[in-house]
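Reading through the structure tokens given below for one structure.
All figures in this text were calculated on a predicted structure; none of them were measured in a lab. The sequence lines fix the lettering, A, B, ..., with proteins before strands; numbering per chain opens at 1.
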Amino acid sequence: MKSENNKQESDSENGKGPSVDFIRAMVADDIKTDRWGGKVITRFPPEPNGYLHIGHGKAICLSFGIAAENRGGRCHLRYDDTNPVKEEERYADSIQEDIRWLGWDWGESLFYASDYFEKMYEYAVILVKKGLAYVCDLTFEEFSEYRGTLTTPGKESPSRTRSVEENLDLFRRMREGEFEDGSHVLRAKIDMKSPNLNMRDPVMYRIIHADHFRTGSKWCIYPTYDWAHGLEDSIEGVTHSICTLEFENHRPLYDWYLDKLAIHHPQQIEFARLELTYTVMSKRKLLQLVEDGHVNGWDDPRMSTICGMRRRGYSPGSIRTFCRRIGVNKFNSTIDIALLEHCLREDLNKSSRRVMAVLRPLKVVIDNFPESEVEWMDAVNNPGDPDAGTRKVPFSKVLYIEQDDFMEDPPRKFFRLSPGREVRLRYAYFITCTEVVKDEHGQIVELHCTYDPATHGGNAPDGRKVKSTLHWVSADQAKSAEIRLYEHLFTQERPEDVADGSDYTSNLNPNSLKVLTGCMVEPSLGKAEPGDRFQFERLGYFCVDPDGKDEKLVFNRTVTLRDTWAKVQKSQTR
RNA sequence: UGGGGAAUAGUGUAAUGGUAGCACGAUUGACUCUGACUCAAUUAGUCUAGGUUCGAAUCCUUGUUCCCCAGCCA
């Protein structure tokens with residue numbers, strides 16, 4: 001796949017800068033008041049336990065975007081690899097690929113939480129020595145019983161009164177592997193009666209005898225998220241630690257650890273995660289779609305994963321624009337996927353080469369065109385970009401047009417070809433349909449037409465008009481292709497809206513993938529490579545799929561063009 | 001029924017005491033060698049009830065609704 005390096009920039013719209021969200025306002029204010037000595041250091045901290053999706057895209061564009069917008073700003077890519085049983089190197093690799101593809105650059109700032117394990121251990125020892133952390137040997141069951149509930153306070157663990165010396169000894173032996181998984185934890189000593197459950201003596205370390213993908217068997221105790229995350233931010237000198245809303249309840253704990261340690265203390269800021277209509281976003285559901293075979297892998301073009309969208313043909317710029325345009329807020333909202341598709345079309349319209357391709361071919365014979373003659377017509381590559389130049393497209397006696405572009409008995413407002421009617425073949429000639437050939441089942445298999453030589457190139461010297469212009473390909477020179485048509489993966493705006501007893505999979509769209517074979521595309525597409533994007537005129541945007549090998553061409557339909565005729569048709573049949 | 005957040009057109013998002021604006025969508029129309037693009041127009045909103053004020057989406061009080069938290073996940 002071709003690499004696509006995008007400049008890191010703030011995607012400002014229409015000359016006037018995009019509006020300032022509450023986080024950017026906060027950052028700007030911090031700069032004005034010199035809170036961090038003028039520094040802006042953010043971070044994107046994925047756990048390498050799955051593939052990135054468009055929801056992560058929002059977070060990435062936010063943290064990397066804010067860093068890029070501020071002089072000297074930096075955004076770290078930091079793997080939050082604190083749980084060896086869930087994490088894998090291949091995920092870490094895909095995360096880098098996706099962020100880079102989106103157009104962001106972490107420079108030298110690639111970090112791993114696991115590199116800080118020793119430092120974190122030392123910090124933990126400090127808290128133990130201060131009497132602010134203790135080794136607890138409650139079982140799982142006891143532990144949850146002692147925690148209390150949302151409405152009732154918890155009870156203090158009997159281990160809570162252990163001496164500092166004993167805690168130090170026990171904690172060291174935890175690290176040295178003397179104990180079994182689950183037998184002991186290190187907990188912060190805060191307040192078992194706190195109305196915030198996160199403050200009820202939270203776990204800092206648990207024992208997991210498992211190999212970590214980076215540290216191997218060096219450790220058998222691993223820090224929990226709450227303990228680790230603030231330290232990671234602090235160690236790296238992060239100023240603004242931007243995360244999603246569900247961590248709001250964790251902020252007091254984030255603050256508590258850093259306050260007690262009296263070390264660099266970043267500001268945690270929470271925002272609402274992205275939800276999209278007709279889409280699921282959770283890692284769990286995405287995984288289930290893959291594992292249960294509802295889609296063909298993580299990079300299935302119907303997936304909301306970054307790799308899926310890339311394969312589908314989304315441009316990184318369109319995703320960045322989208323992430324900027326949806327804004328940032330503190331309440332959950334569901335974005336209409338039409339906005340994403342709008343950003344996509346807007347970007348692709350500017351950048352895509354136009355070509356002609358026929359999805360469902362209908363043979364057309366031009367009766368008055370010389371038998372074996374081939375005429376090469378000039379076609380514009382991108383009307384919006386003169387620099388894109390022109391190409392030659394072959395025209396001959398036998399052509400294919402789109403089945404949808406002919407109707408024997410046209411309804412009102414159908415402007416395309418029908419018996420006796422004249423239309424234009426784009427960049428070629430005006431043709432008039434003279435005869436319809438059908439098979440024994442009454443199916444239309446072939447059209448006979450005549451062309452007007454005077455309309456060469458598509459213009460009538462007498463100034464007469466036609467109601468429509470069709471795309472076409474010349475039969476002899478056309479390349480055959482497989483084309484995959486996608487629709488939304490789900491039939492419901494909110495896939496979660498289901499009757500009792502069923503789950504979101506009952507809303508899967510059975511028509512989300514339609515594979516067309518025997519499609520005919522113009523010969524210039526023979527040179528197309530995986531990842532190349534085109535506009536198939538009058539149809540939509542298409543992207544070459546890596547499945548195509550040797551002579552075989554495979555395209556994914558990224559998105560259709562807006563289609564006013566389809567709407568008219570729909571309202572007519574209703 | 002504990003605590004923490006949050007409510008502006010169908011959707012998303014501005015307006016931080018002074019004309020409720022923008023975008024997407026939808027609907028019309030113009031243009032057109034893509035029924036695309038572009039352009040123009042229409043559509044439609046401050047959760048409720050009080051209060052402060054010359055003036056409230058914004059400040060105060062009340063109610064309602066929604067989201068998050070009881071992993072040794074992140």
Can a donor-acceptor pair under 3.5 Å be found between the side-chain atoms of [X] and the base atoms of [N]?
| X | N | answer |
| --- | --- | --- |
| A:Arg562 | B:G35 | no |
| A:Asn249 | B:C68 | yes |
| A:Arg325 | B:U13 | no |
| A:His471 | B:A36 | no |

Can [X] and [Y] be counted as having a side-chain donor-acceptor contact under 3.5 angstrom?
| X | Y | answer |
| --- | --- | --- |
| A:Tyr254 | A:Asp233 | yes |
| A:Glu236 | A:His76 | yes |
| A:Tyr278 | A:Glu487 | no |
| A:Asp137 | A:Ser159 | yes |
| A:Glu180 | A:Ser183 | no |
| A:Asp201 | A:Tyr134 | yes |
| A:Glu375 | A:His456 | yes |
| A:Arg206 | A:Thr224 | no |

Counting side-chain heavy atoms from CB outward, which of [options] is closest to [X]?
| X | options | answer |
| --- | --- | --- |
| A:Arg206 | B:A14, B:C73, B:G35 | B:C73 |
| A:Asn329 | B:C73, B:A14, B:U34 | B:A14 |
| A:Tyr225 | B:U13, B:A74, B:G25 | B:A74 |
| A:Arg538 | B:U1, B:U34, B:C72 | B:U34 |
| A:Leu150 | B:C73, B:A74, B:G2 | B:G2 |
| A:Asp21 | B:C72, B:A14, B:U13 | B:A14 |
| A:Lys86 | B:U11, B:U13, B:C73 | B:C73 |
| A:Glu246 | B:C24, B:C68, B:G5 | B:C68 |
| A:Lys567 | B:C69, B:A26, B:G12 | B:A26 |
| A:Glu248 | B:U1, B:G5, B:A23 | B:G5 |

What distance, rounded to whole Å, do you find between the two [atom1] atoms, one in [N] and one in [M]?
| N | M | atom1 | answer |
| --- | --- | --- | --- |
| B:C22 | B:U46 | C1' | 16 Å |
| B:U32 | B:A40 | C1' | 16 Å |
| B:A15 | B:A9 | P | 16 Å |

Mind checking who [N] pairs with, Watson-Crick or G-U wobble, both distances under 3.5 Å?
| N | answer |
| --- | --- |
| B:G2 | B:C69 |
| B:U27 | B:A41 |
| B:C22 | B:G12 |
| B:C47 | B:G63 |

Using a 4.0 Å heavy-atom cut-off, does [X] contact any base of the nucleic acid, only the sugar-phosphate backbone, or nothing at all?
| X | answer |
| --- | --- |
| A:Thr224 | sugar-phosphate |
| A:Thr334 | sugar-phosphate |
| A:Lys413 | base |
| A:Arg416 | base |
| A:Phe247 | base |
| A:His250 | base |
| A:Arg200 | nothing |
| A:Gln535 | base |
| A:Phe414 | base |
| A:Leu561 | base |
| A:Leu138 | base |
| A:Pro46 | nothing |
| A:Ser468 | nothing |
| A:Glu47 | sugar-phosphate |

Side-chain N,O (A:Arg147) to OP1/OP2 (B:G71) below 4.0 Å: yes
Rounded to the nearest Å, what distance is computed from the [atom1] atom of residue [X] to the [atom2] atom of nucleotide [N]?
| X | N | atom1 | atom2 | result |
| --- | --- | --- | --- | --- |
| A:Met407 | B:G35 | CE | P | 16 Å |
| A:Phe331 | B:A57 | CZ | C1' | 13 Å |
| A:Leu359 | B:U34 | CG | P | 19 Å |

Position toward the 5' end of RNA chain B (nearest nucleotide), A:His342 or A:Pro223: A:His342
Earlier contact from the 5' end, RNA chain B, for A:Asn196 and A:Asp226: A:Asn196
A:Phe395 vs A:Trp472, ring-ring contact (aromatic ring centres under 6.0 Å, His included): CA-CA, chis, key distance, verdict: CA-CA 9 Å; A:Phe395 183 89; A:Trp472 53 276; 5.3 Å; yes
Anti versus syn assignment for B:G55, with syn defined as within 90° of 0: anti
[X]-[N] aromatic stacking (under 5.5 Å, under 30°):
| X | N | result |
| --- | --- | --- |
| A:Phe140 | B:C72 | yes |
| A:Phe415 | B:G35 | yes |
| A:Trp565 | B:G35 | yes |

